[in-house]
Enquirer: 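Handing you this structure, nothing more for now.
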Number of protein chains: 2
Amino acid sequence: MRPELTLDRLATPVGEMLVVTDAGGAVRALDFADYEPRMLRLLARHWGPVDLTPGRAPDRVRDAIAAYFAGDLTALDRVPVKTNGTTFQKDVWSALRSIPAGETVSYGALAARIGRPRAVRAVGLANGRNPVGVIVPCHRVIGANGTLTGYAGGVERKRALLAHEGVMV
Amino acid sequence: MRPELTLDRLATPVGEMLVVTDAGGAVRALDFADYEPRMLRLLARHWGPVDLTPGRAPDRVRDAIAAYFAGDLTALDRVPVKTNGTTFQKDVWSALRSIPAGETVSYGALAARIGRPRAVRAVGLANGRNPVGVIVPCHRVIGANGTLTGYAGGVERKRALLAHEGVMV
DNA sequence: AGGTCCATGTCCGAAAACCGCGAGACTTCG
DNA sequence: CGAAGTCTCGCGGTTTTCGGACATGGACCT
């Protein structure tokens, strides 16, 4: 049988979000409802064909997300995620989680941090392919000159999330 | 965990053979020992990364193979196989199993039989990618003019198998 | 300041190559 | 004349290859 995943939908201040969790309670994907096709594509790419059934995510996950949007900015740090990309991508995504809320990092700095100072664009790419938005905070990476450059969920949402975390833009 | 497969090795009149079976007792791959790399490649292509552990194939399978080489030409008909290719490939492979021992079919005839009279070379291709040799009798397909044309395990073996089945070549 | 060039990893689409063929045209010999 | 061998070309699914595009940024030049 194929991995059995649960798809939940949550209302948030930045729009409806899709949350995919596995049997172990780890988050496999998180995205905005208006990008559902892309989320499914990423899931399929990393885990192969998958059985996705609508249902309720574990309270632990739902509560953490609610708490985050209510102002407890560290609530998401304790949510377990499970991803499955190339070595490079896993390096990037893992480095992302070490950026605390309220801070930002440039693409170049992040590249340096994983030991590939020159793989700057590649970091941007890996960033864009992050299957677990918000929890793995790809929105905290911005251009070296302070511009927001891009965001898979739309730059507007990136700005909103950063503002919510108290970053000056 | 990944699908757990068993790899057995059997001595036969045409050389040592490799037999891969799954937990359900179905044959996933069967090839000659001197083509091991290709067999592994096919397995990987169809099932993804796979855990292959040396071990004994089910008696049901071992006995059927032994019986076939001992002269019971229909013994292999009852062996369950499990393959995973494109639609076209599955059509071809399934049509192959309906060719009884002692008969041969031309590539063109087989193409016609699956409803694609002109996909002649494609049938040849699909034939060559058959992961389960002998049991799925791709050796019973020969050129329209009676020549053996080719065989993944070497034309010599094709000739030997057909001779064993009582075909005049 | 503003423009050009390139490094870097991954994916995607298009195009080309690959063949376990076979029919038909064309030789070549008796 | 014919029979048998050779050559040429088109057939069609799959795989491989190749070229771009990209959530950047530093060096180097005008």
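Order of the sequence lines sets the chain letters (A, B, ...), proteins ahead of strands, with each chain counted from 1.
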Enquirer: Take atom OH of A:Tyr107 and atom C1' of D:dG25, then tell me their distance rounded to the nearest Å.
Expert: 12 Å
Enquirer: If pairing requires Watson-Crick or G-U wobble contacts with both distances under 3.5 Å, which nucleotide is the partner of D:dC9?
Expert: C:dG22
Enquirer: With both distances under 3.5 angstrom, what nucleotide forms a Watson-Crick or G-U wobble pair with C:dA14?
Expert: D:dT17
Enquirer: 5'-most contact on DNA chain C: A:Val123 or B:Gly150, nearest heavy atom basis?
Expert: A:Val123
Enquirer: So A:Arg45 and A:Leu40, do their side chains get closer than 4.5 Å, heavy atoms only?
Expert: no
Enquirer: So which nucleotide does D:dA4 pair with, by the Watson-Crick or G-U wobble rule with both distances under 3.5 Å?
Expert: C:dT27
Enquirer: Base, sugar-phosphate or nothing for B:Val120? Non-hydrogen atoms, less than 4.0 Å.
Expert: sugar-phosphate
Enquirer: Using a strict threshold of under 4.0 Å (side-chain N to carboxylate O), is an ion pair present between B:Arg28 and B:Asp22?
Expert: yes
Enquirer: Under 3.5 Å, is there a donor on one side chain and an acceptor on the other for B:Thr53 and B:Asp51?
Expert: no
Enquirer: Is the distance from OP1 or OP2 of C:dG22 to the nearest side-chain N or O of B:Ser106 less than 4.0 Å?
Expert: yes
Enquirer: By nearest atom, which of the nucleotides D:dA23, C:dC21, D:dG12 is closest to the B:Thr149 side chain?
Expert: C:dC21
Enquirer: Nearest to the B:Cys138 side chain among C:dT10, D:dG25, C:dG20, which nucleotide is it?
Expert: C:dG20
Enquirer: D:dG25, OP1 or OP2 - any side-chain N/O from A:Arg118 closer than 4.0 Å?
Expert: no
Enquirer: With a 4.0 Å cut-off, would you call B:Arg113 and B:Asp91 a salt bridge?
Expert: no
Enquirer: Counting only heavy atoms not in B:Arg97 (residues, nucleotides, ligands), do more than 12 fall under 6.0 Å from its CZ?
Expert: yes
Enquirer: Using a cut-off of 4.0 Å on non-hydrogen atoms, how would the nucleic acid contact of A:Arg129 be classed: base, sugar-phosphate, or nothing?
Expert: base
Enquirer: Report the nucleotide, chosen from C:dC12, C:dC11, C:dG20, that has the shortest atom-to-atom distance to any side-chain atom of B:Ala152.
Expert: C:dG20
Enquirer: By the 4.0 Å heavy-atom rule, please label A:Gly128 as base, sugar-phosphate, or nothing.
Expert: base
Enquirer: Provide, to the nearest angstrom, the distance between the CZ atom belonging to A:Arg159 and the P atom belonging to D:dA23.
Expert: 17 Å
Enquirer: Whether A:Arg121 contacts D:dC22 is assessed here as follows: a side-chain N or O lying under 4.0 Å from the phosphate OP1 or OP2. Is that the case?
Expert: no
Enquirer: Mind checking the P distance from C:dC6 to D:dG19? Whole angstroms is fine.
Expert: 16 Å
Enquirer: Can you check the distance between C:dG2 and D:dA23, where both ends of the measurement are the C1' atom (answer in whole Å)?
Expert: 22 Å
Enquirer: Which residue, A:Asn127 or B:Ala122, contacts DNA chain D at a nucleotide closer to its 5' end, judged by nearest heavy atom?
Expert: B:Ala122
Enquirer: Just the rounded figure in Å: distance from P of C:dT10 to CG of A:Leu42.
Expert: 14 Å
Enquirer: Describe the nucleic acid contact of B:Ala126 in one word from base, sugar-phosphate, nothing, applying a heavy-atom distance below 4.0 Å.
Expert: nothing
Enquirer: With a distance cut-off below 6.0 Å to the six-membered ring centre and an angular limit of 45° from the axis, does A:Arg121 pair with A:Tyr107 as a cation-pi contact?
Expert: no
Enquirer: So does A:Arg45 get a side-chain nitrogen or oxygen closer than 4.0 Å to the phosphate oxygens (OP1/OP2) of C:dT10?
Expert: no
Enquirer: For the side chain of B:Lys158, counting heavy atoms from C-beta on, which of D:dG25, D:dG13, C:dG20 is nearest?
Expert: C:dG20
